[in-house]
Amino acid sequence: MNTHPIAVIGGDGIGPEVIEAAIPVLERAAAKYGFGLELERLPYSADHYLKTRETLPDHAFRHLQDDVDAIFLGALGDPRVPGNEHARDILLGLRFRLDLYINFRPVKLLHPDLGVLRSDRSTVRTSDRPTIDFVIFRENTEGVYLGRGRIDGDQYIAEEVNTVKGVERIIRAAFEWAKARGKMRVTMSDKANAVPAHKVWQETFKRVAAAFPGIEAEHRYVDALALELVREPERFQVIVTNNLYGDILSDLGAGLVGGLGLAASANLHPGRAGLFEPVHGSAPPLAGKGIANPMAAVLTGALMFEQLRHLEAARDLERAVQQTLAAGVRTPDLGGGARTRDVAAAIAERLS
Ligand code: NAD
Ligand code: IPM
Ligand code: MN
């Protein structure tokens, strides 16, 4: 049997809860489709950092780099570490050091009553009405996230790094993904009207788009895009943008289709092991209560299976989540009364 070594980092807050709830669901799907998961739990988290002062030791980094097929991560962030230095080393550290330049974040309406917009709730539904279904390609290795800059007296200076190589590879990834799936439009978003350095996004987008003549290449300043995403999200298919705007737009996108409890993400570098984590964080107010929504973690597992080339298993997981939503088995963030473990069990049941 094909068995994948997978590192699991539950992390902080609701991270371990949603990851441990999702794992049996993923194992059930794997068994159904004839492959195995060899899971290795790693302790890196705020707790571990506070006890040992260790964030992500070098030997662990090398192990993650060399020996696993994927990393499945919950969330990092803890009020006891206000500077967030452990998350910077573990989460951003893995993204940067593994050069996972694509942060892939799908936004899809999985059930009509999850939409927050008037148009989603319209009582007149036709099967040919477009639905919200787009993906965000967030650049994941540059931008302000590198943390470059300085504090100089009363000046707090943050530098934003945009390289031709970095911008080109994320734009190209977005077009290639669009082409492979028959998508007709790629929207690039920047703030070139205010940030001169964003010229590199404009120039590179034009150049790369020329190699994909069948795909409409459109541009939106990020402020205008935020408004349009609320007004008419159905018209978007593929959005490509920088690290910071991608972070913000992916929470906005999650808000359009049910919230952070449903939003999945994958950090990828084609040909290498990826890092798979829900879009949401550690949600300190929910930690330990047993009511966090595990669906984002399960859908993140589906992205991991897709990357591991188990496409049927990935689709089946999404279907099982969709049917669980339709059956009304939902945690409180979606207006239901179910607990984390009930939702996970309901999804698993729908896989047999
Ligand atoms: P958050 O995503 O943790 O939570 C915001 C709110 O969204 C929560 O209070 C909760 O009401 C809701 N929510 C999120 N996930 C949910 C789920 N699975 N089920 C039900 N409700 C859910 O964002 P935050 O409060 O801004 O950040 C908390 C901490 O998490 C911070 O330290 C932040 O830096 C960190 N964070 C980590 C990641 C990550 O590890 N990938 C992502 C985002 C934030
Ligand atoms: C995310 C998170 C992280 C980010 C934080 C925790 C650094 O918000 O994965 O979206 O900004 O990338
Ligand atoms: Mn975020």
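When a ligand or atom number is given, it counts from 1 through the structure's own listing order. Bear in mind that the values here come from a model prediction, so they are computed numbers and not experimental data. Nothing fancy with the numbering, it's 1 onward along the sequence. Computation of the quantities below employed the complete heavy-atom set of this structure, encompassing side-chain atoms and omitting hydrogens, waters and symmetry-equivalent molecules.
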- Going by heavy-atom distance to atom 36 (N) of ligand 1, choose the closest among Gly281, Pro82, Gly74, Gly15. Gly281
- Query: Is the shortest N/O to N/O distance between Glu277 and ligand 1 below 3.5 Å?
  - Reply: yes
- Considering only the protein, which heavy-atom contact is closest to atom 16 (C) of ligand 1, and what is its distance? Ile14 CD1, 3.9 Å
- Message: I'd like to check Lys183 versus Phe134 (side-chain heavy atoms, cut-off strictly below 4.5 Å). Are they in contact?
- Response: no
- Message: Taking 4.0 Å as the limit for heavy-atom contacts, which would you say applies to Leu286 with ligand 1: side chain only, backbone only, both, or neither?
- Response: side chain
- Report the name of the N/O/S atom of Asp247 located nearest to the Mn ion (ligand 3). OD1
- Heavy atoms only: which of Ala287, Ala283, Gly11 is nearest to atom 8 (C) of ligand 1? Ala283
- Message: One thing to verify: whether Asp58 and Arg97 come together as a salt bridge, which I'm taking to mean a side-chain N less than 4.0 angstrom from a carboxylate O.
- Response: yes
- Between Tyr145 and Asp247, do the side chains contain an N or O donor and an N or O acceptor separated by less than 3.5 Å? yes
- Task: Would you mind listing which atoms of ligand 1 come within a distance below 4.0 Å of any non-hydrogen atom of Asp333?
- Result: 20 (C), 21 (N)
- Message: If you measure every N or O of Arg95 against every N or O of ligand 2, does any of those distances drop under 3.5 Å?
- Response: yes
- Any luck finding a side-chain donor-acceptor pair between Asp316 and Tyr33 under 3.5 Å? yes
- Query: Out of Asn293, Thr331, Leu91, Val343, whose heavy atom is nearest to atom 18 (N) of ligand 1?
  - Reply: Asn293
- Message: Residue-level breakdown please: for Pro284 versus ligand 1, do any non-hydrogen atoms fall below 4.0 Å on the side chain, on the backbone, on both, or on neither?
- Response: side chain
- Item | Which of the ligand 2 atoms, numbered from 1, are nearer than 4.0 Å to a heavy atom of Arg138 | 1 (C), 4 (C), 10 (O), 11 (O), 12 (O)
- Near Val279, which atoms of ligand 1 are under 4.0 Å from a heavy atom of that residue? 42 (C), 43 (C)
- Subset of ligand 1 atoms that lie under 4.0 Å from at least one heavy atom of Gly77: 32 (O)
- Message: Please determine whether the number of non-hydrogen atoms from other residues, nucleotides or ligands lying under 6.0 Å from atom CZ of Arg148 exceeds 12.
- Response: no
- Query: Which bit of Arg105 is near ligand 2, meaning a heavy atom under 4.0 Å away: side chain, backbone, both or neither?
  - Reply: side chain
- Query: Charged N to carboxylate O under 4.0 angstrom, Glu17 versus Lys289?
  - Reply: no
- Item | Test side-chain contact (heavy atoms from CB on, under 4.5 Å) applied to Arg169 and Ile102, Asp99, Thr163, Thr204, the passing residue | Asp99
- Query: Is the closest basic N to carboxylate O distance between Glu160 and Lys191 below 4.0 Å?
  - Reply: no
- Centre of Tyr49's six-membered ring, under 6.0 Å away, within 45 degrees of the axis: is that where NZ or CZ of Arg53 sits? yes
